[in-house]
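Taking it in order: structure first as structure tokens, then the write-up.
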Amino acid sequence: MPASSEVSESQSPASNDGRLRFAVGVLAGFILPLLMAEFFVRLRPPEDIRIYLGDEFHRSGIYQPDPVLRASYRSIAEYQPYEAPKLADLKPLNSEEPTWLFFGNSFARGLSASVRVRLKTHRILFFREPKDELHLRVGQLRLLLENGLKPDHVFFTLIPSEVSQYVQRPLDWVYVNRHGALCTKFSRPGEPLNTLLDRSWVARLAWVRSRLLNADPLFRPSRITEGVPAGTAEDFRTMFGALGELSRKHQIPVTVLLLPERRQIFGGSSYALQATLSSLVNSAGLDSFDPRETFLSYPDKRAIYLPDWHYSPIGDDLLLDSLLAHLKHSGPTSARRNSPQ
């Protein structure tokens with residue numbers, strides 16, 4: 001048979017064209033879904049990526065840069081409380097009733113509700129930020145004080161998980177983008193992946209959800225009760241220092257409640273965290289309160305908690321009783337004056 005008729009099937013134009021179409025199909029199968037994912041992530045970015053987008057995220061915010069707290073409210077007109085009364089609802093600001101302000105998370109909400117029931121002579125106000133972060137709470141208090149609210153006492157609650165947030169995202173990572181939105185820096189893997197993260201929101205979303213963007217990716221939040229890293233302690237020294245300046249400037253006593261977590265009450269963890277924070281609070285000229293002994297001495301520790309590990313009515317009452325005793329015997333002078341006898 002002539003050699004010209006012995007062209008193998010693999011060398012035929014039809015075969016080569018088929019392989020090309022196959023390769024194009026494979027590439028399209030990978031690239032088109034990625035392009036569609038990039039489009040949809042940019043059209044409606046998930047909540048957990050927004051703080052990592054910087055100036056690329058164009059939604060306007062209500063914040064401005066702050067040299068100490070990193071972020072603060074631009075004005076009282078733009079103040080949008082998350083779980084709190086609006087300033088217009090607080091008239092008169094300087095009430096004849098003793099006014100106590102509570103800042104914190106759901107534990108602070110439960111405590112403030114108990115105080116409201118117990119102390120009928122007091123005006124009890126609870127404030128919560130969208131993100132349970134101390135620097136934003138301090139900025140919220142400053143805004144209220146500068147606009148005329150005159151409380152007799154201010155209370156801040158802190159739980160261990162709120163402290164561990166600053167291990168993963170230190171205070172100096174926080175910043176406000178040009179649109180007034182809160183943002184944060186993040187750890188980067190190095191080139192060429194840095195370029196990919198800069199150009200692709202899908203890649204950045206994957207990096208966020210891998211948790212490799214944290215300052216210490218190997219840190220386990222449950223370890224925070226065993227000790228506070230040096231950098232995190234300095235962040236809290238800064239925030240407590242700003243809170244202490246507000247307390248002195250406006251002559252308002254501030255008590256920081258260092259609430260234990262359930263592992264500490266049931267004997268699974270130490271109290272190194274509370275020891276460190278208490279020292280920092282007192283160094284800032286503030287009052288610290290650690291209710292651990294009240295909880296540890298209660299015979300039925302499970303009765304202190306609800307199934308979701310928030311305080312039960314028993315737990316809230318125990319916390320309030322010990323807080324009032326603390327204020328009466330060792331709290332600031334004005335707190336003793338406005339506490340029930």
Side-chain angles (χ1 to χ4, degrees), residues 23-74 129-136 138-139 160-224 227-239:
V24 170
V26 170
L27 288 175
F30 281 104
I31 295 174
L32 288 179
L34 290 175
L35 291 177
M36 291 179 63
E38 188 74 27
F39 172 78
F40 283 111
V41 168
R42 287 178 177 269
L43 180 66
R44 186 172 294 179
E47 187 66 33
D48 57 352
I49 193 181
R50 293 177 183 178
I51 61 172
Y52 300 103
L53 294 177
D55 290 335
E56 296 175 81
F57 188 47
H58 294 283
R59 188 176 66 179
S60 62
I62 58 175
Y63 299 94
Q64 64 182 2
D66 186 278
V68 177
L69 300 173
R70 308 297 295 174
S72 62
Y73 290 97
R74 277 196 300 239
E129 279 289 321
K131 298 182 181 296
D132 293 324
E133 296 175 331
L134 181 61
H135 62 278
L136 294 179
V138 176
S161 62
E162 294 171 339
V163 180
S164 66
Q165 293 180 42
Y166 289 91
V167 180
Q168 304 292 37
R169 294 196 300 273
L171 183 62
D172 64 0
W173 280 20
V174 176
Y175 68 100
V176 178
N177 72 7
R178 63 181 180 180
H179 310 292
L182 286 174
C183 296
T184 181
K185 302 173 186 176
F186 57 90
S187 291
R188 302 168 72 84
E191 295 296 351
L193 293 181
N194 285 353
T195 300
L196 179 62
L197 292 178
D198 290 338
R199 296 181 179 179
S200 170
W201 287 19
V202 170
R204 205 173 309 177
L205 180 61
W207 188 244
V208 168
R209 294 183 176 175
S210 73
R211 299 189 179 182
L212 294 173
L213 79 168
N214 292 328
D216 184 356
L218 300 180
F219 175 78
R220 290 184 291 115
S222 61
R223 287 166 39 197
I224 193 64
V228 182
T232 305
E234 284 304 310
D235 283 347
F236 276 85
R237 187 187 305 277
T238 297
M239 292 183 285

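Model, not experiment: these values are computed from the prediction.
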Q. With sequence neighbours left out, what residues match Asp198 under salt bridge (Lys or Arg N to Asp or Glu O under 4.0 Å)?
A. Arg188
**Q.** Contacts of Glu47 that satisfy salt bridge (Lys or Arg N to Asp or Glu O under 4.0 Å) - sequence neighbours left out
**A.**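 Glu47: salt bridge (Lys or Arg N to Asp or Glu O under 4.0 Å) contacts with Arg50.
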Q.
Before you tell me yes or no, could you show the steps for Asp48 and Leu205 under side chain to side chain contact (heavy atoms under 4.5 Å, CB included), namely the whole-Å CA-CA distance, both residues' side-chain angles and the distance that decides it to 0.1 Å?
A. CA-CA 8 Å; Asp48 57 352; Leu205 180 61; 3.7 Å; yes
Shortest non-hydrogen contact between [X] and [Y], atoms and distance:
X: Asn177; Y: Gly54; answer: ND2-O, 2.9 Å
X: Ser187; Y: Ala215; answer: OG-CA, 3.9 Å
X: Pro65; Y: Ser72; answer: O-OG, 4.2 Å
X: Gly227; Y: Pro229; answer: O-CD, 3.7 Å
X: Gln64; Y: Tyr73; answer: NE2-O, 3.4 Å
X: His58; Y: Asp55; answer: CE1-O, 3.8 Å

Got a second to check how far [X]'s [atom1] is from [Y]'s [atom2], nearest 0.5 Å?
X: Gln165; Y: Ile224; atom1: CD; atom2: CD1; value: 10.5 Å
X: Ile49; Y: Trp201; atom1: CD1; atom2: CH2; value: 7.0 Å
X: Phe39; Y: Arg44; atom1: CZ; atom2: CZ; value: 11.0 Å
X: His135; Y: Phe236; atom1: NE2; atom2: CZ; value: 10.0 Å
X: Thr232; Y: Leu171; atom1: OG1; atom2: CG; value: 10.5 Å
X: Thr184; Y: Ile51; atom1: OG1; atom2: CD1; value: 5.5 Å

Q) Where do Leu136 and Leu182 land on the side chain to side chain contact (heavy atoms under 4.5 Å, CB included) test, with the steps shown first? A) CA-CA 10 Å; Leu136 294 179; Leu182 286 174; 3.9 Å; yes
Q | Residue list, side chain to side chain donor-acceptor pair (under 3.5 Å) with Arg237, at least two apart or on another chain | A | Glu234
In the structure I gave you, are the side-chain heavy atoms of [X] and [Y] within less than 4.5 Å of one another anywhere?
X: Tyr166; Y: Leu134; value: yes
X: Val41; Y: Ser200; value: no
X: Tyr52; Y: Leu213; value: yes
X: Cys183; Y: Val176; value: no
X: Val208; Y: Phe186; value: no

Q: Carefully, step by step, assess Trp173 and Arg70 under the rule side chain to side chain contact (heavy atoms under 4.5 Å, CB included).
A: CA-CA 8 Å; Trp173 280 20; Arg70 308 297 295 174; over 6 Å; no
Q.
Using modelled atom types and a 3.5 Å cut-off, is there a donor and acceptor pairing between side-chain atoms of Asp216 and backbone atoms of Leu218?
A. yes
(Q) For Gly61, is there any backbone N or O sitting under 3.5 Å from a side-chain donor or acceptor partner on His179? (A) no
Q. Should the heavy atoms of other residues, nucleotides or ligands under 6.0 Å from CZ of Arg42 be counted, would the total exceed 12?
A. yes
Q: Output, in order, the C-alpha distance, side-chain angles, deciding distance and verdict of salt bridge (charged side-chain N to carboxylate O under 4.0 Å, His left out) for Arg204 and Glu56.
A: CA-CA 12 Å; Arg204 205 173 309 177; Glu56 296 175 81; 2.9 Å; yes
